[in-house]
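Heads up, the thing below is written out as structure tokens.
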Amino acid sequence: MRKLIFIFLICASVSLPVNEMAGSDKRLTNFSTVSFFIKTNKPLKVSEATGEILLNTGIASLDEKFSEFNVKSIKLVFGIFNGDRDLYSKLEMDRIYVVTIDGGSVNRIEDAISEIGTEDIIEFAEPNYIGIAAGVKGTDYVTAFSLQEKIPNDRYFHKQWYLNNDGSIQSSSSTISIPGADINMLNAWEIEKGSEQVIVAILDSGIRDDHPELRNRIWINEGEIPNNGIDDDRNGYTDDHKGWDFAYDSKNNYDGFGHGTNIASVIGAETNNLIGFAGIDQNAQLMNCKNLSDDNYGEYIWWSRSIKYAVDNGANVINMSEGGEDYSRVLKTAIDYANSKGVLVLSAMMNKGDGKDYYPASFEGVLAVGATDTDDNRCLRFTWGGGSCYGDHIGVVAPGNKIYGLDYEDINNYDVYWSGTSQSTAIVSAIASLLISQDNSRSRLDLIDIITNTARDQVGDPREDKPGWDRFYGHGRVDAYLALLFQTDPLLVSKLKNEPLKSSSDLNNKPKNKIYEPNNARAKDSKSDSSKINRTNKRSNRPNPAKR
């Protein structure tokens, strides 16, 4: 009998809760105790009357095990709906199922996976793993500094050090903050501010979509008539007028935890409206795909389905500020679907300060993002503890400590911040969306190529931030201005990358007589060769799970 090895790893900062339906077994687990995944070598039978998958497969030994473990339902993980039929078939998504049992427990789900996984029709059986958000909340008050001409009029912009670091917000690991250790946003906005044609999918704890800073930025599914109880656009989700809640299988994708609202505000809060904060992308649509529970845990089935939903419904960029400790072939299939459709997925390196693989950040093709502090060093300690993870799969780093954003409970509270690689990931996702706005012909590989090639190298601790790519900072700390300048003047980008840091409010580093056309046609770069991003996609010791 094939052995199934389970590794129980409990996050140091947040304990993973047992699924609330898990029965009397109170042990903490990193997988669901009521459901698991299987992939078969041929499709299972479907009832002609109901369209549901039959529990009676006609295979005596398998049906006996289904009965033994009280299997109550089998459903496809991925519906075809409005997706790419050829790709759906190529990735064999029509043979990946989620199996749900009655009376689940840790031991029972382990036994079910082990026993059912031995059947000849089963290609693999694996747990429905659980991951968490990669950020932790805090609250503080910051005194305003005098505003300058190029700074947006948003009332609390002075708290957004990652956009314009004046040195007033200290790092968590030292007393020193370095002016200019930011993403150079004021200069970047002189080139590009975003487009309503670009959709950034936020796969998270939901978004407070009635917040005055966000309500005009939420993606609307124009093919769906709200609240009529009909799946008007036949995409598999009824009344998904403003996205979907995959955690609770509902149209009501409100934020019950707060993490997603912070991420949304970093990416796309209304700018120059006299209140709140400034979003990096001032025009993109924000697609609300809730795939974390209100207790901050997310089953891989929610993550997998939300990825496919975002791709099928037009997302250009997918932000996943979350991660789990376990490799999953089902989750990888969803990532492969996004990659094959040319949609860039960005994910957090996570916050334990170690060099382990977390998913989806460790999957091939995902741009994995680590976190820096106000001194441009890797976050060895966030405001709450922990530290930015590192490894062979890291692509870039971005500011991630004390990132102020909107509160999901009180629309008048602007003293809330979150810290973690979650926030770093949101920053890079927003830069990617600006790059698409600047030139919508750019491919997924183009975006990775530009972001990594324009990141500032050797701005952090020299013991870790080595010349070129390294496993602590990747290609370096992102710079939005250099990324947007890359197409028009790559030579200038190379020159500026090597200059000492200066505050992004100093606009004197902009070349004179240079014409920028944020919304006009530009000379097109040739498509990136995948060899350009080999360092970004380094993968050593890739997991090779045995068939379960």
Ser32 side chain to Ser35 side chain, donor-acceptor N/O pair below 3.5 angstrom | yes

Side chains of Asp240 and Asn235: closer than 4.5 Å at any heavy-atom pair?
-> yes

Rounded to the nearest 0.5 Å, how far apart are CG of Leu331 and OH of Tyr300?
-> 6.0 Å

Residues which pass side-chain hydrogen bond (donor to acceptor under 3.5 Å, both in side chains) with Tyr358, listed by chain and number, not counting sequence neighbours | Asp354

Should Asp336 and Lys332 count as an ion pair when the cut-off is N to O under 4.0 Å?
-> yes

Under the side-chain hydrogen bond (donor to acceptor under 3.5 Å, both in side chains) test, residues paired with Glu52 that sit two or more places apart | Lys75

With sequence neighbours left out, what residues match Ser47 under side-chain hydrogen bond (donor to acceptor under 3.5 Å, both in side chains)?
-> Thr50

Not counting sequence neighbours, which residues clear salt bridge (charged side-chain N to carboxylate O under 4.0 Å, His left out) with Asp210? List them please.
-> Arg208

Can you list the residues that meet the side chain to side chain contact (heavy atoms under 4.5 Å, CB included) rule with Ser61, with sequence neighbours excluded?
-> Ile59, Glu119

Considering the options Val311, Ile199, Ile335, which one meets the side chain to side chain contact (heavy atoms under 4.5 Å, CB included) requirement together with Ile318?
-> Val311

Is the distance between the ring centroids of Trp418 and Phe257 under 6.0 Å?
-> yes

Would you tell me whether Gln423 and Asn401 have side-chain atoms, one donor and one acceptor, within less than 3.5 Å of each other?
-> no

Glu64: side chain to side chain contact (heavy atoms under 4.5 Å, CB included) partners, not counting sequence neighbours = none

Using salt bridge (charged side-chain N to carboxylate O under 4.0 Å, His left out) as the criterion, list what pairs up with Glu92, not counting sequence neighbours.
-> Lys39, Arg95

Mind checking side chain to side chain contact (heavy atoms under 4.5 Å, CB included) for Ala247 and listing every partner two or more places apart, or none if nothing turns up?
-> Asp245, Trp302

Pairing residues for Glu464 by the side chain to side chain contact (heavy atoms under 4.5 Å, CB included) criterion, not counting sequence neighbours | Arg378, Leu380, Phe472, Tyr473

Where at least one partner belongs to residues 306-319, residue pairs that pass salt bridge (charged side-chain N to carboxylate O under 4.0 Å, His left out), sequence neighbours excluded | Lys308-Asp312

Contacts of Tyr237 meeting ring-ring contact (aromatic ring centres under 6.0 Å, His included) (sequence neighbours excluded), chain-then-number -> Phe81, Trp244, Phe246, Tyr309

Centre of Tyr248's six-membered ring, under 6.0 Å away, within 45 degrees of the axis: is that where NZ or CZ of Lys290 sits?
-> no

Partner residues of Thr261 under the side-chain hydrogen bond (donor to acceptor under 3.5 Å, both in side chains) criterion, sequence neighbours left out | Asp255

